[in-house]
2 protein chains.
Amino acid sequence: MNVVTLCLGILALGDASGYEIKKRFDGPLRRIQEPSFGSIYPALNRLTREGLVTCTVQAQDKRPDKKVYSITAEGRAHLKAELQKSLPGPDKVHSDFLVTMLFQEMLSPAFVAAAVDERIAFYRDLMTTLDCPAGQQSAAKDFVCGYGVAVCRAAIDYLEAYRRDLPAPEPAADPAAGQKERGVLVNPQAMEI
Amino acid sequence: MNVVTLCLGILALGDASGYEIKKRFDGPLRRIQEPSFGSIYPALNRLTREGLVTCTVQAQDKRPDKKVYSITAEGRAHLKAELQKSLPGPDKVHSDFLVTMLFQEMLSPAFVAAAVDERIAFYRDLMTTLDCPAGQQSAAKDFVCGYGVAVCRAAIDYLEAYRRDLPAPEPAADPAAGQKERGVLVNPQAMEI
DNA sequence: GGGCATATATAGCAGCGCGATACAGGTAGG
DNA sequence: CCTACCTGTATCGCGCTGCTATATATGCCC
């Protein structure tokens, strides 16, 4: 799934400018993908070249002109074919948090505790973003949001249980906390993964 | 978190060759990141240049020579500093599955059902990979695996509940199934996200 | 009132990393 | 026997992210 198909999909749900497409991925959809301007604008140019979308320039008062894109009939057909070409592959996850936790034995306990706390706060925030639109919109969006909520809830539960077993936090949760020296791993062989 | 730091971290858990580093990310760690050879080998070269690891060539019988890398004292210090530089940012997720599900209203029901079924099977498989090493290894690895299991379980529960509400599957689950024509979205405005 | 951050809107560029490919011999299965 | 897969290192192209530039208007704090 590339950004071109992704933009085409968003445009299938309604006309939008490049900027608006980007904004859609700041909400609940940020759990799906987070394309950048650097990939969205070239994608829109390519879709226009290929006749899958059309572009209408809207002159705006005291603002740069807005390029609003609309999907064409060929675009809809192309999207449908692209999505059903093959079953979706596994998710690609890059988790700095889990990397940090994997090496936690060489970090300060204060830093690890702060990382867990921040992650819990992050998921709580994400869940409120996801939880708001219940039932009143499309079934597809409900499914995607509901999926996110279910996963968030599981993550929060797990992290809170882990947090309770951690030694006392104390150091007022400043990010640069915990420069206390700790030795290297006692038994590196035990860490074979 | 770049591949360079990631490789340094793996080497902090024990010596390894480029090939072995790659293999580590085929197991439970594939939920964290999946670096490719195209990024691992340049990363190891750079780490060697910078004196953070050393390289020993092991001649092997009837096999290509093996370059085994070991982390240095500077490497350990650099890794610790790098990990504690700032709290880990949010995960980056690319989910083709959720994109497909978001646009499910323009796809055939058979295809959607097949996608959900495959996803359930995928998570079941992932959970068995994650669930095996319980308690007998390092606390850090237990945490990472436990986290994966918790999230998997939540995803499976959610998907199975959704699956039960789906119309009858029938078409023998072939990937190219369901070319049955379906109209465009009835109410695009309702899909505002 | 001056400075700063933020929001709207488009666009280019450097660098990083994935996927594919190449090469080469060993092993195992149909 | 031939195909497929495993070990092992390495490179190349392409796509994408993150950063930066450019314009303009609004709101906020000191």
Nearest-Å distance, [atom1] ([X]) to [atom2] ([N])?
{"X": "A/E20", "N": "C/dA7", "atom1": "CD", "atom2": "P", "value": "16 Å"}
{"X": "B/I32", "N": "C/dG17", "atom1": "CD1", "atom2": "C1'", "value": "18 Å"}
{"X": "B/L6", "N": "C/dC16", "atom1": "CG", "atom2": "C1'", "value": "14 Å"}
{"X": "A/Y41", "N": "D/dT22", "atom1": "OH", "atom2": "P", "value": "17 Å"}
{"X": "B/F25", "N": "C/dG17", "atom1": "CZ", "atom2": "P", "value": "12 Å"}
{"X": "A/N45", "N": "C/dC13", "atom1": "CG", "atom2": "P", "value": "14 Å"}
{"X": "B/Y19", "N": "C/dC23", "atom1": "OH", "atom2": "P", "value": "19 Å"}
{"X": "A/K66", "N": "C/dA9", "atom1": "NZ", "atom2": "P", "value": "4 Å"}

**OP:** Using a 4.0 Å heavy-atom cut-off, write out nucleotides 14-20 of chain D from 5' to 3' as B (base contacted by protein), S (sugar-phosphate only) or - (no contact).
**Re:** --SBB--
**OP:** Identify whether the distance between the nearest side-chain nitrogen and carboxylate oxygen of B/E20 and B/R24 falls below 4.0 Å.
**Re:** no
Original post:
Between A/N45 and A/T48, do the side chains contain an N or O donor and an N or O acceptor separated by less than 3.5 Å?
Top reply: no
**OP:** Determine: side-chain N/O of B/K22 to OP1/OP2 of D/dT9, distance under 4.0 Å, yes or no.
**Re:** no
Original post:
Checking side-chain contact (heavy atoms from CB on, under 4.5 Å) against A/I32, which of B/L98, B/D96, B/V93 comes through?
Top reply: B/L98
**OP:** Please state whether the rings of A/Y158 and B/Y147 are parallel, tilted or perpendicular, taking 30° and 60° as the class boundaries.
**Re:** perpendicular
**OP:** Sort and list the pairs that fulfil ring pair (Phe, Tyr, Trp, His ring centres under 6.0 Å) and have at least one residue in residues 17-56 of chain B, not counting sequence neighbours.
**Re:** B/F37-B/Y41
Original post:
What distance separates A/H78 NE2 from A/T72 OG1, expressed to the nearest 0.5 Å?
Top reply: 10.5 Å
